[in-house]
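A, B, ... follow the sequence lines: proteins, then strands. Residue 1 opens every chain. Only a predicted model underlies this, so the values are computations on that prediction, with no experimental measurement involved.
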Amino acid sequence: MEQQADTTKIGMWLFLATEVLLFGGLFVGFGLMQSRYPQEFIEAHEHLQRPLGALNTIVLLISSWTMVMAVLSSKRADRKKTVMFLLLTILCACIFLGVKYFEYSHKFEEGLLPGHWYKAQVTDTVHTAAGTLSHGYATFFSFYFMMTGLHGIHILVGIILLAWITVRANRGEFSSAYFTPVDLIGLYWHLVDMIWIYLFPLYYLIK
Amino acid sequence: MANTIASHSHIGDRPRPAVNYLNAQKGLWSWMTTVDHKRIGVMYLVGVLSAFFIGGMFALMVRLSLLTPSHMLFGRVLMTAETYNRVFTLHGAIMVFLFIIPSVPAALGNFVLPLMLGAKDVAFPRLNLASFYLWCTGAAMAIASMIIGAVDTGWTFYTPYSTTTQGTVGLMVMAVFILGFSSIFTGINFVATVHKLRAPGMGWFDMPLFVWGIYSTAIIQVLATPVLGITLVLLLLERVFNIGIFDPKIGGDPVLFQHFFWFYSHPAVYIMILPGMAIISELIPTFSRKTMFGYRAVAYSSVSLALVSFIVWGHHMFVAGQSQLATVIFSALTFLVAIPSGVKMFNWLGTMYKGNISLETPMLYAISFLLLFAIGGLTGIFLGTLSVDVHLTDTYFVVAHFHYVMMGGTVIAFVGGIHYWWPKMTGRMYNEFWGRIACVLVFIGFNVTFFTQFIMGSLGMPRRYYNYLPQYAPYHMVSTIGSWILATGFFITAAYLLASLRKPMDAPDNPWGGTTLEWQTSSPPIEHNFEDQPVLQRAPYDYRPEPVGHK
Amino acid sequence: MLPPQGSAFAGEVDNVYMGLFWLSVVLFLGIAFAAIYFAWRFRYKPGRVTPHQTHNTTLEIAWSVGPLILCVGIFFWGLNGWMKYVVAPGEAMEVQVTAKQWLWTFEYPDGSRTVNELHVPVNKAVRFIMTSEDVLHDFFVPDMRVKHDIVPGRYTEVWFTPTVLGLHHVTCAEYCGKGHSDMTAKLVVDTPEDFQKFVETGGTEWEDYKTNPAAWGKLQWERKGCSTCHSIDGSRTANGGPSWKGIWGKMEKLNNGQTVLVDPDYVLESMMQPQAKIVAGFEPIMPTFQGLLRPHEIQGIMAFIKSLGNDPNGGPPAPTVLSLPPKPAPATEQK
């Protein structure tokens, strides 16, 4: 049993490594584009709603805490507490996605969209030699949507996984002898949180 | 008819069990829902060999079009430039993504690795099956992309051509993305298996070198493939939504794509060669009946190749427009990565020295590997050398180099491994006479096809060319004729291997006298691999007549 | 196994190549000999016991360190040659190279331009400033041992000093689509006098065709990129333009419903302002050849098209002799 738990943990860590490299590529791409369009990126990021981003950061941090508590409770075979903490984690995740919805709607209204859908803003000052608006603004929002979108998909998948183990916890399946699924999904959830911890300052707080 | 020279080991000879992994459960559904690593390995083998056949057919078409500058055969033009461009793209994409990357790990590795570790199965059997179905899905999508439309970008998908050309690039890119996940899952499975499922008594340095090779490969699969994944997603988004990352007309950088692409694709070529080397490390000690010379050096070289492979990607881009400093650094690091491969070569030769060598088909393939990989590796030195690379890159010299290492290396080792483990997998011995004939034909055909390409490339013949200047015509003709000899060798191989399946099972447990654990069980193995959990009592490759009982 | 050496540093590149070649021969023969000799000398004998040689530390260190030192040496040897390739001398003549699918345009310091034909004076360094109008291309001159990708959206550079007079070729070495293997340009290394003449008049070759303009026109059809899009046998080229067969003197239908007579004026306009009139059923994708064709080349093309007509004697007249326009009189000083 212990060999199995250890083995699946190795499997999960390896999977998390692949996630780090997946997002890593996007972080590198963002960094390169930022050095190519420094002024545009600074101006573009002013349109991001920092209070909402900060709220989401706090929400995710809370969800990581509730996740840790859920793992502990499942290890103690405390069915009620496990279910409660898992539901709280799911609630936080849903709040996160809800806030994201508001952020995205705002972007759509203002025309802050990727690629050729980007609508020039009054605050955009950088132009190309030919006189057209620099591509840097559209590029910023391309990356913004790609990275927050990919992250959002991971949150959604996380919600589904959390719902699944909530059902199993409710059936009383977890105890100190077997709490691996909660443990592993906890690891996944912490990674998703960590990625946001890097995303938030990168996008919302660059100077 | 059975091989007389090799079966002189008495370890594990016993009556053949009536029930084995092939007949324990019957029916198509039992195969489609199996979690038995051996069945999954067999299904993968059928899949990748089918992909090899399709990719090979495309290769023959490419060479046929290049037979003469007029592209004519029997008075008719064989194909237009557009068709040619699609054919060479599909040849590359199928061979790289559908065949060679999964080949050794998924087909042979799946079958043999748990047996070598004395385990019942891999760490995550259901993940294994999922990996296979992902391969099937990717394969189906790739084939669909060929039938619905076509891809003409080259297997490297360089931008901005790939983000603006017509054709089913999106579908092919999605297929490769899915195949990437198949590869990642296999990698996760093998790393966990090697860490946790070794037999009692088997420490890290008691594992067979095949396992070290597959393990090192798995590390690369886990770490490198996600970067390909994100690169393909970016390519797709650029094509569909014009996000402006690779196309300069909308603010992007084409060279950025190349950095992203090669960051995966260089380690990928080590995903291709490490398993091939891993097989050779099994074949040579077994057929030399001598312990592996420098076991630890070979084990360490596998891991170090895996790690160093991540820091040399820029050597594909010396003339692409990367910075001069980067170019110099990548060249220096590339020379570093040459050393572990050389070390292995010397260790293999050291193993043969004073051995007791028989030349059955697997050993003939192993010796072919030594010669062909030597040429492939040495020509890599040419390409890592900056002043010479400027002249040689993007010519047929590169085409010849990578075929020598991928085909002369990995494919030769793969075919050698198929022959070596054929009795274990199928319970039958193949026809040794035809095996040796086919090996010689493959060796000769391969060299005729590809050695001429070194010369052509040095003379300035660029790659991916439909038309060519008349001065290259004799070389192209020779190369095409070589491809026919090569194909004949492979067709003969397929024929006698398939023919062997119609015989009743005649293979002993250990036809070659191997010392690794897979030879301790029946040919073919029972469903759960071993009747009792094997406990390791001697090191692998220990051919001393009196087992001393220590490692 | 190497092309003729056409540039000042070709010799050095070839020295490194041949050095590596002989090194590889020696190493390969060593490995092959060992493998084959061992397979024979230690062939199977039943009952023979093999020695249990697990390792030999000294030997293993030797064959790790030895190749490492060799590799370091080779690295510096290659670096040395490459440093020369990378840095162009200050007094090099600059040629602007524009690559597009699927032809080469070269612009010389005096502003004159050529298509698919590059002239350089011998023994003088030439520096190429290159960009692409569409996808990646690559400027490869085998005889000069130079190569560099041409990237859209930026400029890349390559240089050499040609040392051998005569004909060489430039070939695209980065896959760029359908016409990738047709994207070859002539490189002519001239004496300084010939080079001067070339830039003014487009060389001396045309004089051989003074009385056979249609043949000269056919050469332009092949060399200037016309053949990529216009066939001469009536067939339609994908993504191309109308075939030239049988069009001279025809009333061609345009995409706006009007018709036009195919005569010298129309042909000239099609070359200089290709978007002015589009034949019905074709796309407006022809690039302009303003500044890229010399008068005698235009004359030849007209004569060639006429020769493809249905009736060789009918239709509007086309040039029958090639000539250069008279040189303008030197400007007199204004008071």
- Region of A/T8 in contact with chain B, defined by heavy-atom distances below 4.5 Å: both
- Exercise: identify the closest heavy-atom pair between B/S216 and B/V303: OG-N, 3.4 Å
- Is the distance between the ring centroids of A/F140 and A/Y118 under 6.0 Å? no
- Looking at A/H47 versus A/Y137, is the centre-to-centre ring distance below 6.0 Å? no
- Query: Would you call the rings of B/H315 and B/F318 parallel, tilted or perpendicular, where under 30° means parallel and over 60° means perpendicular?
  - Reply: perpendicular
- Note on the structure: chain A shares the most heavy-atom pairs under 4.5 Å, among B/L256, B/N189, B/I188, with B/I188
- Message: Report which part of A/L14 has an atom under 4.5 Å of a heavy atom belonging to chain B: side chain, backbone, both, or neither.
- Response: both
- Would you tell me whether B/S302 and B/Y270 have side-chain atoms, one donor and one acceptor, within less than 3.5 Å of each other? no
- Message: So for B/F241, is it side chain, backbone, both, or neither that comes closer than 4.5 Å to the heavy atoms of chain A?
- Response: both
- Please look at A/F141 and chain B and tell me whether the side chain, the backbone, both or neither of the residue comes under 4.5 angstrom of a heavy atom of that chain. neither
- Message: For the interface with chain B, which of A/M33, A/R36, A/K9 has the highest count of heavy-atom pairs at distances below 4.5 Å?
- Response: A/R36
- Go through the steps to decide whether A/F23 and A/W196 satisfy the test ring pair (Phe, Tyr, Trp, His ring centres under 6.0 Å), and finish with yes or no. CA-CA 11 Å; A/F23 277 93; A/W196 179 260; over 10 Å; no
- Message: Does any backbone or side-chain atom of A/L21 lie under 4.5 Å from a heavy atom of chain B? Answer side chain, backbone, both or neither.
- Response: both
- Task: Would you mind checking which part of A/F143 comes under 4.5 Å of any heavy atom in chain B, side chain (CB onward), backbone (N, CA, C, O), both or neither?
- Result: side chain
- Task: Identify which part of A/W117 has an atom lying under 4.5 Å from any heavy atom of chain B, answering side chain, backbone, both or neither.
- Result: side chain
- Item | is_close_aromatic(B/Y215, B/W204), centroid dist under 6.0 Å | yes
- Item | Centroid separation A/H135 to A/Y37 less than 6.0 Å | no
- So, the part of B/L228 with a heavy atom under 4.5 Å from chain A: the answer is neither
- Side chain, backbone, both or neither: which part of A/L113 has a non-hydrogen atom closer than 4.5 Å to chain B? neither
